[in-house]
**Student:** 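Handing you this structure, nothing more for now.
In this chain, numbering begins with 1 at the start of the sequence shown.
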Amino acid sequence: SNWTTQDLPHWSLPQPSMAMPCKSHTNKLVNWSRKPRSPLTESGKPHMTLTSTMATQPNVVLILADDMGLGKTVQTLALLQSEKEKGNAGTSLLIMPTSLVYNWEMEASRFTPELKILTYTGTQRNKDVSRFAQYDVVLSSYGITRLDIELFQNFHFNYIILDESQAIKNPLAKSAKAARLLHGNHRIVLTGTPVENHLGELWAQFDFLMPGFLGDARSFKRQWRDPIEVNGETLRARLLADRVRPFILRRRKAGQGKA
């Protein structure tokens, strides 16, 4: 490739510096600038940085791409707590690597103890998915989701949220295929690195969020990947960034560039 990250103020590889959504989208999705850095209010409860307006939009799709340590877990839990408080019926599904299940359990018990959580993991798990309706949130792993996808397909979730979404960056992987088969009202992915190696990873995540938004894999490669990655077309890169920016929320840590 003959282009550098300096050529792309809104898009860069391997670690992109996503610009924030335009003002109209920011009003709908999030207002970072008016929120303190701390994820907690004086009462000890998490700030609601993902706004209630977003939570009431039909078919929300979003990549929450804050740098590690800026509170993606707490923000997600706060959103789900807000849904519960507004009386929005429906069970949400949170999928993550197995190693993170305990952390989500602990964060939920600390910050959103009112959420009724079911951890759906382990070899002895009860596979009666109808009981999901008794809970606000179901925590599961990519591996279990892959194994039990035929059962999961029988349940319609409110939010389907993927943590560490690099797990679906290979669209041919079984975990990615299983995730695309899930049924729900809203879809969110959490990742500190929306693009690590190539733009195909971005396509895979949007194929989960909004199938067809960026075309199929072959047309995306022809229209976007090859012109940007092979030919170094910076204008094409900016056009792609403009297309996806309204659906990506990203804050950077101090000293690592603007969000």
**Student:** Roughly how far, to the nearest 0.5 Å, is the CD1 atom of Ile63 from the CD1 atom of Ile248?
**Tutor:**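 The CD1 atom of Ile63 is 4.5 Å from CD1 of Ile248, to the nearest 0.5 Å.
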**Student:** Hey, any chance Ile160 and Met210 share a hydrophobic cluster, counting ILVMFWY side chains that come within less than 4.5 Å of each other, even indirectly?
**Tutor:**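 Yes, it is one cluster - the side chains of Ile160 and Met210 are joined through contacts under 4.5 Å.
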**Student:** For the residue pair Trp203 and Phe220, does the interplanar ring angle fall in the parallel (under 30°), tilted (30 to 60°) or perpendicular (over 60°) class?
**Tutor:**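 Because their plane-to-plane angle lies in the 30° to 60° range, the rings of Trp203 and Phe220 count as tilted.
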**Student:** Under the side chain to side chain contact (heavy atoms under 4.5 Å, CB included) test, which residues partner Leu239, sequence neighbours left out?
**Tutor:**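 Expected list: Trp224, Leu235.
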**Student:** Looking at Arg131 and Asp128, is there a salt bridge between them, counting it only when a charged N and a carboxylate O are closer than 4.0 Å?
**Tutor:**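 Looking at Asp128 and Arg131, the cut-off is not met.
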**Student:** Restricting to side chain to side chain contact (heavy atoms under 4.5 Å, CB included), what partner residues turn up for Pro113, sequence neighbours left out?
**Tutor:**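 Partners of Pro113 by the side chain to side chain contact (heavy atoms under 4.5 Å, CB included) criterion come out as none, since no residue qualifies.
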**Student:** So, Tyr120 versus Asn126: side-chain donor-acceptor pair below 3.5 Å or not?
**Tutor:**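 The criterion, which ignores hydrogens and geometry beyond distance, is not satisfied for Asn126 and Tyr120.
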**Student:** Which residues pass the salt bridge (charged side-chain N to carboxylate O under 4.0 Å, His left out) test with Arg180, sequence neighbours left out?
**Tutor:**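 Partners of Arg180 under the salt bridge (charged side-chain N to carboxylate O under 4.0 Å, His left out) test: Asp207.
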**Student:** When rounded to the nearest 0.5 angstrom, what distance separates CG in Asp216 from NZ in Lys221?
**Tutor:**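 So the CG of Asp216 and the NZ of Lys221 are separated by 12.5 Å.
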**Student:** Just by modelled atom types, is the Ser141 backbone N or O under 3.5 Å from a matching donor or acceptor in the Thr145 side chain?
**Tutor:**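 Judged by distance alone, yes, a pair lies under 3.5 Å.
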**Student:** Going hydrophobic residue to hydrophobic residue with side-chain gaps under 4.5 angstrom, can you get from Leu181 over to Phe157?
**Tutor:**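 Same hydrophobic cluster.
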**Student:** Under a 4.0 Å N-O cut-off, is there an ion pair linking Asp136 with Lys116?
**Tutor:**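 Looking at Asp136 and Lys116, the cut-off is not met.
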**Student:** Looking at side-chain heavy atoms only, is the closest gap between Leu249 and Leu62 below 4.5 Å?
**Tutor:**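 Side-chain contact under 4.5 Å: yes.
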**Student:** Would you say the side chains of Thr76 and Lys72 form a donor-acceptor pair under 3.5 Å?
**Tutor:**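 No pair is found: no donor N or O on one side chain lies under 3.5 Å from an acceptor on the other.
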**Student:** Using 30° and 60° as the class boundaries, would you call the ring planes of Tyr159 and His186 parallel, tilted or perpendicular?
**Tutor:**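 The arrangement is tilted - the two ring planes meet at 30° to 60°.
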**Student:** Who are the side chain to side chain contact (heavy atoms under 4.5 Å, CB included) partners of Lys169, not counting sequence neighbours?
**Tutor:**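 Per chain and number, Lys169 pairs via side chain to side chain contact (heavy atoms under 4.5 Å, CB included) with Gln166, Thr191, Thr193, Glu196, Glu201, Gln205.
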**Student:** What I want to check is whether the side chains of His183 and Asn154 have a donor and an acceptor closer together than 3.5 Å.
**Tutor:**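 No - no donor-acceptor pair under 3.5 Å links their side chains.
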**Student:** Salt bridge (charged side-chain N to carboxylate O under 4.0 Å, His left out): which pairs involve residues 155-164, sequence neighbours left out?
**Tutor:**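 Not a single pair qualifies under salt bridge (charged side-chain N to carboxylate O under 4.0 Å, His left out).
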**Student:** Quick one: side chain to side chain contact (heavy atoms under 4.5 Å, CB included) partners of Ala179, sequence neighbours excluded?
**Tutor:**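 With sequence neighbours excluded, Ala179 shows a side chain to side chain contact (heavy atoms under 4.5 Å, CB included) to Leu162, Ile168, Phe208, given in chain and number order.
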